[in-house]
Visitor: 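The structure's right below; bear with me while I get my questions together.
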Protein chains: 2
Amino acid sequence: MHSEVVASRSADPRDSRESRNGTPHLDAVSLAIIEQLQEDGRRPYAAIGKAVGLSEAAVRQRVQKLLDQGVMQIVAVTDPLTVGFRRQAMVGIHVEGDVESVADALTSMAECEYVVMTAGSFDLMVEIVCEDDDHLLEVINRRIRAIPGVRSTESFVYLKLKKQTYMWGTR
Amino acid sequence: MHSEVVASRSADPRDSRESRNGTPHLDAVSLAIIEQLQEDGRRPYAAIGKAVGLSEAAVRQRVQKLLDQGVMQIVAVTDPLTVGFRRQAMVGIHVEGDVESVADALTSMAECEYVVMTAGSFDLMVEIVCEDDDHLLEVINRRIRAIPGVRSTESFVYLKLKKQTYMWGTR
DNA sequence: CTGAGACCTGCGGATTTCGCAGCATCGGCG
DNA sequence: CGCCGATGCTGCGAAATCCGCAGGTCTCAG
């Protein structure tokens, strides 16, 4: 797709000064490497090197560092329906008391794929992935509502997933 | 992690009859292969084969088929904050008229990472990934609200992402 | 019975990964 | 200024992996 060098000026890897929040800053070349791996997580290092203008070994070292730092991970992602999870829902939660502790309880539940603290009329939003309606009902009514601090919940059952990308940084 | 064979009885790959919705059904061995690749998308085929009880070539063929069928994809996923996207939000949308066409409009926006049609008090829910507050404001107020059929929106700005997995099927 | 289709194995040859020994650059420091 | 450690890149062989292909086996349909 990209045919040639991405590195212009200041593709300086020493650009690894920390930003305010302590997350490592990425230079243009590392971004380009990530883009390559977002297209195909198994693309050979040599091919990536050719695309970004680096040797095979250099790409390998960078990728390893990105993985070690937790900046990215290379994984298989699946279509939930195909793998047997037929019901999904987003659940908004109103909390009284410590939001963080409720969030931790949700995080430890296998069915909660996604847990985020929000500003707005919900304190927490959670994505639930279940096998069927019974399973979903049990998770929401029995398990989530049983967590101390959960005042009320509102569910949004998925009717149709229209888009789901993993292409952050590719814009 | 998993030390030995997963395939017991009926790990029958001929089990590829279609389920009602037309998605191919997966047998136990393919599931096990997916689990391996969810732990590490670059794990060698031979290592996977040893874990699931198949030859290297067989694993390779299965993986290729799973990719071709779109059952899974192997990609790099990144932490949005590290890659420079500091503001995220979930937006619930009330629609009048054709929901599908609004969903399509949202889908074509780069900032919409996730678009889903829902049952409940929202017709659509969308996850937005932005660089900063200005960007987020522009996307929600100028772009989303401008889509014909959008009656109103409600935003939930992310304060803290507590959990995000890609481990469907690993339960 | 026969043929087609799906799946697996085994095997070389091409490719990729891996580890390591140089280099070069940069910033700190006496 | 010269030295030094840290960092990052390159360029190797050696080892491991990937890849294509030629069989086998099994099942189902005709």
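Below, read A as the first sequence line, B as the second, and so on, with proteins coming before strands; counting in each chain starts at 1.
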Visitor: From the options dC18(D), dT10(D), dG8(D), select the nucleotide whose nearest atom is closest to the side chain of Tyr45(B).
Guide: dC18(D)
Visitor: Does a side-chain N-to-carboxylate-O contact under 4.0 Å join Arg87(A) and Glu131(A)?
Guide: no
Visitor: Give the nucleotide from the list dC9(D), dG20(D), dG19(C) with an atom nearest to the side chain of Arg60(B).
Guide: dG20(D)
Visitor: Tell me which nucleotide among dT17(C), dT9(C), dC19(D) gets nearest to the side chain of Glu56(A).
Guide: dT17(C)
Visitor: Considering just the side-chain nitrogens and oxygens of Lys65(A), establish if one lies under 4.0 Å of OP1 or OP2 belonging to dT7(D).
Guide: no
Visitor: Which whole-number value in Å describes the distance from Arg43(A) CZ to dC19(D) P?
Guide: 13 Å
Visitor: Rounding to a whole Å, what distance do you find between Leu26(B):CG and dA6(C):C1'?
Guide: 16 Å
Visitor: For the pair made of CG in Asp27(B) and P in dA6(C), what is the distance, rounded to whole Å?
Guide: 15 Å
Visitor: How long is the line joining CG of Leu54(B) and C1' of dT9(C), in whole Å?
Guide: 10 Å
Visitor: Taking CD from Gln64(A) and P from dC20(C), how many angstroms apart are they, rounded to a whole number?
Guide: 14 Å
Visitor: Does a side-chain N-to-carboxylate-O contact under 4.0 Å join Glu113(A) and Lys163(B)?
Guide: no
Visitor: Classify the angle between the aromatic ring planes of Phe122(B) and His94(B) as parallel (below 30°), tilted (30 to 60°) or perpendicular (above 60°).
Guide: tilted
Visitor: Taking atom types as modelled, is there a side-chain donor on Gln61(B) or Tyr45(B) under 3.5 Å from an acceptor on the other?
Guide: no
Visitor: Is any side-chain nitrogen or oxygen of Arg42(B) closer than 4.0 Å to OP1 or OP2 of dT16(C)?
Guide: no
Visitor: Whole Å only: how far is the CG atom of Leu67(B) from the P atom of dC19(D)?
Guide: 11 Å
Visitor: Atom CD1 of Ile48(A) and atom P of dT15(C): how far apart are they, to the nearest Å?
Guide: 18 Å
Visitor: Please report the distance, rounded to the nearest Å, between CG in Leu66(A) and C1' in dG8(D).
Guide: 14 Å
Visitor: If you assign each of Ala58(B) and Ala47(A) to its closest nucleotide in DNA chain C, which residue comes earlier from the 5' end?
Guide: Ala58(B)
Visitor: Does a nitrogen or oxygen in the side chain of Arg62(B) sit under 4.0 Å from OP1 or OP2 of dC8(C)?
Guide: yes
Visitor: If the threshold is 4.0 Å, N to carboxylate O, is there a salt bridge linking Lys50(B) and Glu56(B)?
Guide: no
